[in-house]
Amino acid sequence: MASRNSDNQTPQTVLITGASRGLGLELARELARAKWRLILDARAADALETARAELATITEVRAISGDVGDPAHRSALASAAREFGGIDVLINNASILGPSPRPNLLDYPLDALADVFRVNAFAPLSLIQTLRTAFKPGARIFNVTSDAGREAYAGWGGYGSSKAALEQISAILAAENPDWRVYCVDPGDMQTQMHQEAFPGEDISDRPLPTVSVPGFLRLLAGDLPSGRYQAMRLGAPSATKSSASVEGLRLVLTVGDFEKAAALYRDGLGLTVRDMWIAPDSKGILFDAGEATLELVDAAQAAEIDAIEVGARSAGQVRMAFTVVDVEAAAARAQAAGAESLSGPITTPWQHRNQRLSTPGGVHDGVQITLSQVMSTPEETQEPHPLTPSP
């Protein structure tokens, strides 16, 4: 990932807590390769020094060991930030799990619960308060969370409630400081020491390595997504990280029988903006802007499952289009007025989208089916939660 600054500008600076291993270390490695200056924090002094020695070969690094819950340690981090001329990005990654095996809330020692909140919720806010004068204009703050902060998993009451508190803190900080980007990021299940502590004696080798979550952080770092809660594994990499051989965009080409009727549906019914068009004596074409393009591949079983949720039975052909809309009922009404046929009323999916299925002119057998989808929780890109394993 390239730095957003040009070569003649001061290098950007990031402060990462919990940077001696796992996700924090992988983020530090990626940003070091992009020549960001690093201020790193971790409790384990030896592991942090190992990380510092590795990264100092390619960029400027300041490593300060300590507990982010300690006011003196936070002051030392703020001093380092000021010595670097301020920071562009803060990544609050440091967390603790709490007692393991994980007790139920009725048996949770309150002194241990207070310590979990001290590190996972109070320390990130305290560090932000301490750094407020060191943030450069347009600073970005990343608070690392977990699906345990959203979902009620038995045995995760301590850790999960601390992350729920951090998410609300993040949301309010964003509302109160519109000049910042405040991101609450769920990295997903990962092979980390904390995750192993959460499942003592179990094999967690099926979980992805932390490197899989890094591209999502980079997209938030390099892009213009608004403050909010995001899932790193759903975001993917920013275009700046792609090689010259990577695909830069997706264009879906549809051959239609009634060109004018189809053009009216997409232009007037769905409100797509015309980017280009070409008219010849015997042929016509029109190109619409349709927002961000993605390509989704599903097998027959997954296609049938989605059809069952949205329509009640298998109905779509090999190609189905999905459009994200602000208000699904209003968008569906407008599309039907332009010739689309409704195949189901709006339904709320298990992944918390409000969806409605329609068919383009030609009917269910000859038309292309369309899903109109309204995201119920914004701006998070949601996914169905894993039923058993919250992500520390």
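Values below: every heavy atom of this structure, side chains too, minus hydrogens, waters and symmetry copies.
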Minimum-distance pair of heavy atoms, taken over all atoms of [X] and [Y]:
X: Asn120; Y: Pro124; value: O-CG, 3.5 Å
X: Ser344; Y: Val311; value: CB-CA, 4.2 Å
X: Gly158; Y: Leu105; value: N-CD2, 4.1 Å
X: Ser161; Y: Leu113; value: OG-CD1, 4.3 Å
X: Leu265; Y: Ala335; value: CD1-O, 3.5 Å
X: Ile64; Y: Ala76; value: CD1-O, 3.6 Å

Could you check whether any side-chain N or O of [X] sits under 3.5 Å from a backbone N or O of [Y], counting only pairs where one atom can act as donor and the other as acceptor?
X: Asp88; Y: Thr13; result: yes
X: Asn104; Y: Leu106; result: no
X: Thr17; Y: Ala94; result: yes
X: Arg82; Y: Thr133; result: no
X: Arg219; Y: Leu235; result: yes
X: Gln369; Y: Ser315; result: yes
X: Glu305; Y: Ala301; result: no
X: Ser65; Y: Ala42; result: no

Notebook entry, point to check: Would you find more than 12 non-hydrogen atoms of other residues, nucleotides or ligands less than 6.0 Å from Glu54 atom CD?
Noted result: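 Check passes, neighbour count above 12.
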Notebook entry, point to check: Does atom CZ of Arg314 have more than 12 heavy-atom neighbours, drawn from other residues, nucleotides or ligands, at distances under 6.0 Å?
Noted result: yes
Next item on the list: List the steps and the verdict of side chain to side chain contact (heavy atoms under 4.5 Å, CB included) for Leu127 and Leu90.
Entry: CA-CA 9 Å; Leu127 185 55; Leu90 167 64; 3.8 Å; yes
With rounding to the nearest 0.5 angstrom, report the [atom1] to [atom2] distance, [X] to [Y].
X: Ile58; Y: Trp36; atom1: CD1; atom2: CH2; answer: 14.5 Å
X: Tyr108; Y: Tyr159; atom1: OH; atom2: OH; answer: 11.0 Å
X: Thr59; Y: Arg37; atom1: OG1; atom2: CZ; answer: 8.5 Å
X: Leu225; Y: Tyr183; atom1: CG; atom2: OH; answer: 5.5 Å
X: Asn143; Y: Asn92; atom1: CG; atom2: CG; answer: 5.0 Å
X: Asp189; Y: Asp147; atom1: CG; atom2: CG; answer: 6.5 Å

Taking the side chain as every heavy atom from C-beta outward, state whether [X] and [Y] have any pair of such atoms under 4.5 Å apart.
X: Arg43; Y: Ile96; answer: yes
X: Glu60; Y: Pro11; answer: no
X: Leu55; Y: Arg29; answer: yes
X: Glu167; Y: Arg150; answer: yes
X: Leu77; Y: Thr130; answer: no
X: Ser170; Y: Arg229; answer: no
X: Tyr266; Y: Met321; answer: yes
X: Val182; Y: Ile128; answer: no

Flag yes if [X] and [Y] sit in one hydrophobic cluster, no otherwise; membership is Ile, Leu, Val, Met, Phe, Trp, Tyr, and two members link when side-chain heavy atoms are under 4.5 Å apart.
X: Phe135; Y: Phe142; result: no
X: Val144; Y: Leu38; result: yes
X: Leu131; Y: Ile141; result: yes
X: Phe122; Y: Val116; result: yes
X: Tyr230; Y: Ile172; result: no

Next item on the list: May I ask you to check whether Arg320 and Thr371 show a side-chain donor-acceptor distance below 3.5 Å?
Entry: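 Yes, a side-chain donor-acceptor pair sits under 3.5 Å.
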Notebook entry, point to check: How would you list, by chain and number, every residue that makes a side chain to side chain donor-acceptor pair (under 3.5 Å) with Ser373, sequence neighbours excluded?
Noted result: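 Expected list: His353, Asn355.
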Next item on the list: Could you list all the salt bridge (Lys or Arg N to Asp or Glu O under 4.0 Å) pairs where at least one residue sits in residues 351-360, not counting sequence neighbours?
Entry: Asp307-Arg357, Glu310-Arg357, Glu329-Arg354
Next item on the list: Provide the full list of salt bridge (Lys or Arg N to Asp or Glu O under 4.0 Å) pairs with a residue in residues 102-119, sequence neighbours left out, each pair given once.
Entry: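 As it turns out, the salt bridge (Lys or Arg N to Asp or Glu O under 4.0 Å) pairs with a partner in residues 102-119, which skip direct neighbours, are Asp67-Arg118, Asp115-Arg118.
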Notebook entry, point to check: Can you list the steps and then say if Leu31 with Val89 is a side chain to side chain contact (heavy atoms under 4.5 Å, CB included)?
Noted result: CA-CA 11 Å; Leu31 294 176; Val89 174; 5.9 Å; no
Next item on the list: Determine, step by step, whether Asp46 and Thr50 satisfy the side chain to side chain contact (heavy atoms under 4.5 Å, CB included) criterion, reporting the C-alpha distance in whole Å, the side-chain angles of both residues, the deciding distance to 0.1 Å, and the verdict.
Entry: CA-CA 6 Å; Asp46 291 345; Thr50 299; 5.6 Å; no
Item checked: Working for side chain to side chain contact (heavy atoms under 4.5 Å, CB included), residues Asp41 and Val68 -> CA-CA 8 Å; Asp41 148 277; Val68 290; 3.5 Å; yes
